[in-house]
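By convention here, the first residue in the shown sequence is residue 1.
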Amino acid sequence: MREKMAAALQRSFIEICGFERETLQRFREVTVNLGLSPLPGGVKFPDSAGAFHYEESSKLLSVTSNRFIHWSTSGDTVQLLEQSLDTNLLNNAVKVKFSHCTVLPGGVTIQETLNNVVILISTNQSVHRLVLPHPTRMYRSELVTELHMQSVFSDVGKLSLQDPSHSAVIPTAVGQTGSPSTSAAWLSQAGEAHYALASPAGGIMVVTLPPHDTQGSVSVVELKRSSMMQRISGWMPSVIRGEQTPADLALSLVVRELDEDSFIFALCQDLKLRMWSFREQVCLLEADMLEYMPACKGVKRLSGQGNRLRLCDTTGLCVAVYLAVPQRGQFIVLQLVGTDNNRYSLDHISSLFSTQETLVDFTLTPTDIWGVWVDDSNTTIVKYINFEHNMAGQWNQVFVQPPPDDEVQIGVDQDPRETYLEMLFSPLRFTASAIVKALQIYRRGSERITDVSWESLKKEVTVAVESELQSSVTEFVFSQEEYRQLQVEFWSKFYACCLQYQEALAMPLGLTVSAHTSMVCLLKKGFVSFLLPCLAVDHLYLSCDEYLFSEDETPVTEDPELGRDVLQLVQCLRLVSDAVSGEMAYNMEKALEHVESPERAAELILETMLSDDNDNVIEDIQNKLQDVRNPTAAMMILLREMDLETDAEVGGDGHMMPGQTLNMRISLSQLYGSSAAVSLVCQAVCHMAMTRVHFCRDLLILQKLYLRFGDNVFLGGGAQLLQLQQDLIPRSSHLLSSYYLLRHISQSLTSAVPTDTIDANLQHLTVLELSDAPTINTNATALSPQTIVELFYQTVGRKLIISQVFSQQQTPAAGGALLQWPHLVSNVVNVLAQLLWPSNPGFQFPECLMANCQYTQLQDYVRLIGPWCQVNIGSCRFMQGQCYLANGEGHKAVQCFQEAATEVEKEEFLMKLTGTEEEEVASVPRLQYYNKVLRLLEDVGLPELVIQLASLAISEAANDVGSQAALWTRIFKHHLDLGHNSEAYEALTQNPDSSMQLDCLRQLVVVLCERSQLHDLVQFSYVNLHDEVVNIIESRARGLDLLAHNYYELLYAFHINRHNYRKAATVMFEFGMRLGREVRTLLGLQKQVNCYLASLNCLRLIRPEYAWIVQPTSGAVYERPGVSPKRNAEGDFATEPVKRQVDILELKDLEKEYMLARSRLTLAQHHPPSAAIAGSASVVEMVALLVQTGLFDCALSLCQSFKLSLTSVYEGLAFKCIKLQYGGEESQNEAWSWLAANQLSSVVNTKESSATDEAWRLLASYLDRYPSTNGQHHRCVITKLMSHGVPLPDWLITSYKGVDAAALLRLYLNYDLLDAAAELVMEYVDALLGKGHQYFGIERPLSATSALVWLPYTSIDQLLQALNETQTNTGIYNKVRDKLDDYHKLVDQTSRRRLQTR
């Protein structure tokens, strides 16, 4: 606060209402029934109210800081409410009803002892005492950290109020009628409760209850002078004078304890003040008040209605008496002076006069008298005056809250219902109680409204009024205008009803001033309002004319000449204000709401005023303006006073001073934190804004008027006009817009936020790293419909404000800081207004709205300040973007974020946003900003917008390779996610960082493979990245499951596309190898065959000299990413790698591999269980497996390819033939399946052949098809048959005879087939001799001319030997011998002939 404003804080006050906004009835009801009957002709006393302030309410470190109890009485009921400005008190309201009794005026007194709060209540028939625990005893700990505390009334329901210790019936004297008219009560130091009651027969009756914790009986003392004393002192019984009431009937009682005695002051019917000593039970002092009244000689002693008496402790005891004289009231302030011998006298301090309104209540403080009056139109008037230093008798003003407007201005473009609802439910005009009561009456009390929320009440009101409207309609067709008129009629009827109840609830009942904190409260029927010091400008603008004309100085300037100009100017403003009609004011409001130029609106209003000036207002203003010597200086003073702009950072960092104690910090953290204080402080800001909106509006109109008058009123001429036009008018316009904004946000209610929105918002704040921003306010007892300013004050503002207000203050060592309400609350309101002021650099308010998901209100705020506020432009655009983002309007959000980027290095909020980057700090703050926003957009899930913004950010990162790389990576990622493959590839190629580029490339390959978009992947050109792509695909191919992923095929396609056939062949060959090793299934074998085929095809496309590949290494020796070079898969140290020789595979090698793979597949197709072992089987093993399965064609071709002996095949087939020959039908059936797999030569066969025949035929065909040297194949077949004892088929013998008869003979001998051997020898000899030689492959038989012939003599000898040894074969032996002899003879002849021919 500025120093020059200090004076203004002492001059006048403004009333701020502490409306409750909960419709829930909070009072707990307690009934006290002592079994009394109502008194006949019971007197009705007016409702009254009062308050009690805790002694330590001004101490910051106390549990009772800023805490007080106020009460109101009505008939038989006392309503008690405990309130605190620091914490929310639970169970703090109680309503005590005394059956058949009436609470007396002055009948409630509250006092505190060390352990208790004691409430003393007097009714016309009984006295009561409520003993409650003291707050300091309820909370033993010094540190109270809860936001909620229990009130002293929490356990009031447990008290037995009918007990003698709590209640007593007032004893009545025999024959006494009537009841006490007033009372006072006090607690003695001994703990006794004394009740002083004004006896109807005159005098005072004191009823005493013993201390609450001791047994005792009620005692009664009567203080009354004897008739003798009356006569001596000249008193006459009033009955003799014909008066109905005794002269010493007390009208008002007060009590004070002094020097172990209690003094009872009574203002009596005869207008005399008497002081009684309770201890001595004598009247110590009597003074006639009429002596202090001027011209009192002719004044008749008045009836006692309205006369009051109050006490105040200063250095001496002061007594104030109010005498209600017709047309004029008078306050007399007297000081009690004690002399020796217990004698007392009164010194007259001052006599003060007031206007003729009806006094409701007044309070005496050590320096002032505060009074509240009601005039004939039920308007509340509050004033105060310093009773010692006040020569002029001038009362200081208190600007009370005006009632809501009688008429509601509805614009042509407005809906009547919406307008009325806005008026009714605006936070400042109506209490919930008034609306609920009006609604009950309007609905004719059909149902009782109980616990309804603010929003529900709004709906109830709408339904009630609309239903009433519908039910009154008889016609069915309306014009729009007629319906509008009906709406206005019914809504205005309900509005009038609310006005009536609001007026009743706003009726003042009392006034209280805290002696400790100097807080002044006005106690009304329905609520409590607080009086706050009025600021200088507001004081001038709000003062009524008589005050304004009588001002001899103004608090805004020390220069008397300038001060006079300011006062004259304010008087002109008042004239302008009176001339502004409701419609003109509405037009200005609309212009401000729609963010149109206030200057233009002021010109239009001025035009209207000039055209409709019937009362010569403009002329009056012109005359008044001519008295202003230096208008520009006066205007500058006023504008400076209203401008809340400050260079310093408002609120600091929000941390309490480091030197303060924990207790101090905790107490400060709660100061002004209750719902009541929140509402109060924020309403004070709203009132200031409301006043100043009107002030600035009128000043702007006046300035426009000055421009119009020109030199006629300007003594300074052109220079001042220029200053007015270029400086003062724009400043006034700016202030008007600023205060309109403050008023608007003070009246805007918060919206309820769904949980999912809160979660999403918290996630956004985390992304932006603003998690230290305010959290959602979950205060359960928060005002049910909070305004956004209240939300801000509660969550953020209060902490900042209190830390600033107390940062300079030096705390006393003991007892804590003293909380002086006028000074402290003014500071708090002023700093809050500065925090909200749009032209200050702080940005906490919009940040709070964002953190609390109040997006609509935040958008409205940004809209209202957009055209004229030049501070935090970028931050506002950022907030606007956040709102768009929350509402799903991403494109608009990005536009806002882009616009905000230009201000990143200038505005604190945006600097904070960019200054907490955890990653490597970018060189340019704007890049950090873009990174944050991009992360936010990613979090929301808007990839197109991320790409758009990142592309923009790249231009900012011209010199920062790291940032460029990160941005290109981002663009790549989101293009890829969106399926924009070409754009993703383009972004990848633009990336300047090779490692990031490689990462992107790897991701591109993987993602396109997963999506099966292989065509795109293969088609990209990959300039300078060819080897990297190959490496990536290879590593993926080698590292992943072969059947689940098709990376080998992709790599093959990649190489084929680039005509790199040898690489393609290598890839497919490696794929085939791995398939054979890892995938032991039919599918794997099929794939392997295809791989080898593809590989062969590739090599056949190359020139023969280049048709070779390097054989891929086998086993797990591929280098896979992330594998430790030192350890194997089990984690053990790997052995030293063996130096491997590189193997070159040519086309023929590949063909062999293909043949082997093909045979494996064939085997697996015919015998699936073999698939598991076929994959790893060698060629020899494969032949054995094929033979075993019956695939002889395949086995033979494999043997030929790999140049293997066919013996095993013939042996296998021979064995199968043997099995078939001796097997049953089942084996015959089985044989057909494998026989079908071998290609039989197509021989036309007319007879049906069996499987056995076909098998022998197959064997025969193979022997023919695959000839061998020396009949090797025949020999192995015959050996197989003979080994199994199977007779040789004739065709086989015949066939083998022609090849190697000697070998056949040896075989016969080996297997002891002597008969067959003998027969063979004889046939063979016959053949040599020329008989059947062609069957043995002998071209020409034995002759002298033919080639030499021979016989296997060794074998024949063995045969003869064997035959000779057995008796059974003698005949055969002889035959063979004979045949040999024949042969030898011929040989001999032939040999001789040959010799002869030589």
Side-chain angles (χ1 to χ4, degrees), residues 764 767-769 873-875 877-886 888-906 910 913-914 917 919-1005 1007-1008 1011 1013 1016-1017 1019-1025:
H764 295 180
V767 168
L768 294 173
E769 293 175 33
I873 299 171
S875 304
R877 296 308 293 154
F878 181 83
M879 287 299 178
Q880 183 94 28
Q882 274 283 81
C883 296
Y884 281 137
L885 209 54
E889 298 179 274
H891 287 282
K892 290 183 183 177
V894 168
Q895 184 64 35
C896 292
F897 292 146
Q898 285 180 23
E899 291 167 12
T902 55
E903 307 296 320
V904 164
E905 295 169 44
K906 304 172 193 168
L910 294 176
L913 201 65
T914 58
E917 193 76 55
E919 304 151 17
E920 187 181 339
V921 177
S923 55
V924 185
R926 204 176 292 185
L927 285 177
Q928 294 177 337
Y929 166 77
Y930 278 128
N931 279 338
K932 281 280 177 70
V933 175
L934 288 168
R935 276 159 58 187
L936 181 63
L937 292 172
E938 284 172 341
D939 189 59
V940 178
L942 297 170
E944 298 99 332
L945 302 178
V946 173
I947 294 165
Q948 182 186 329
L949 196 64
S951 306
L952 182 77
I954 284 171
S955 60
E956 298 282 341
N959 304 319
D960 188 341
V961 177
S963 297
Q964 273 192 341
L967 289 165
W968 279 118
T969 303
R970 231 181 200 121
I971 292 172
F972 161 81
K973 173 186 178 298
H974 291 291
H975 271 313
L976 189 59
D977 289 348
L978 290 168
H980 304 161
N981 300 342
S982 303
E983 290 85 347
Y985 172 71
E986 189 62 35
L988 178 153
T989 58
Q990 297 286 339
N991 201 319
D993 184 295
S994 56
S995 68
M996 282 190 178
Q997 195 177 42
L998 206 57
D999 289 342
C1000 293
L1001 190 61
R1002 190 173 291 112
Q1003 200 174 350
L1004 180 74
V1005 171
V1007 171
L1008 292 188
R1011 292 186 193 151
Q1013 294 174 329
D1016 286 358
L1017 189 56
Q1019 289 300 320
F1020 293 139
S1021 57
Y1022 301 112
V1023 179
N1024 300 328
L1025 291 171

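With sequence neighbours left out, Tyr930 forms a ring pair (Phe, Tyr, Trp, His ring centres under 6.0 Å) with no residue at all. Checked against side chain to side chain contact (heavy atoms under 4.5 Å, CB included), Ala965 has the following partners two or more places apart in sequence or in another chain: Asn991, Pro992, Asp993, Met996.
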- prompt: Between Phe972 and Gln1003, is a side chain to side chain contact (heavy atoms under 4.5 Å, CB included) present by the stated rule, with each step listed?
  reply: CA-CA 10 Å; Phe972 161 81; Gln1003 200 174 350; 3.7 Å; yes

message: Applying salt bridge (Lys or Arg N to Asp or Glu O under 4.0 Å) to Asp977 and Lys973, what does each step give before you reach the verdict?
response: CA-CA 6 Å; Asp977 289 348; Lys973 173 186 178 298; 3.2 Å; yes

- request: Apply the test side chain to side chain contact (heavy atoms under 4.5 Å, CB included) to residues Lys906 and Ile873: give CA-CA distance (whole Å), side-chain angles for both, the deciding distance (0.1 Å), then the verdict.
  value: CA-CA 10 Å; Lys906 304 172 193 168; Ile873 299 171; over 6 Å; no

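Nearest heavy-atom pair across Pro943 and Leu978 is CG-CD2, 3.6 Å. A pairwise comparison of heavy atoms in Gly874 and Ala900 identifies O-CB, 3.1 Å as the closest pair. In terms of heavy-atom proximity, Leu936 sits nearest to Gln882 at CD2-OE1, 3.0 Å. Contact detail for Gly881 and Ala893: the closest heavy-atom pair is O-CB, 3.3 Å.
Ile947 contributes atom CD1, which lies 10.5 Å from atom CG of Leu934 (distance to the nearest 0.5 angstrom). Separation of atoms CG (Leu1025) and CG (Leu988) is listed at 6.5 Å; rounding is to 0.5 Å. Between Leu949 atom CG and Leu937 atom CG the span is 6.0 Å, to the nearest 0.5 Å. Remark: Thr969 OG1 to Gln990 CD distance equals 12.0 Å, nearest 0.5 Å. With rounding to the nearest 0.5 Å, the separation of OG in Ser875 from CD in Gln880 is 13.0 Å. One distance of note links OG of Ser963 with CH2 of Trp968; it measures 14.0 Å at 0.5 Å rounding.
Residues Gln928 and Val904 have side chains not in contact (no heavy-atom distance under 4.5 Å, counting atoms from C-beta outward). Between Arg1011 and Leu976 there is a side-chain heavy-atom pair separated by less than 4.5 Å.
Ring orientation note: the planes of Tyr985 and Phe1020 are close to parallel, at an angle under 30° on the 30°/60° scale.
Exactly one of Val894, Val940, Val933, Leu885 qualifies for a side-chain contact (heavy atoms from CB on, under 4.5 Å) with Leu945. That residue is Val894.
For the residue pair Gln948 and Glu944, no side-chain donor N or O sits within less than 3.5 Å of a side-chain acceptor on the partner.
Salt-bridge formation is detected for the pair Glu938/Arg970: a Lys NZ or Arg NE/NH1/NH2 atom is positioned less than 4.0 Å from an Asp or Glu carboxylate oxygen.
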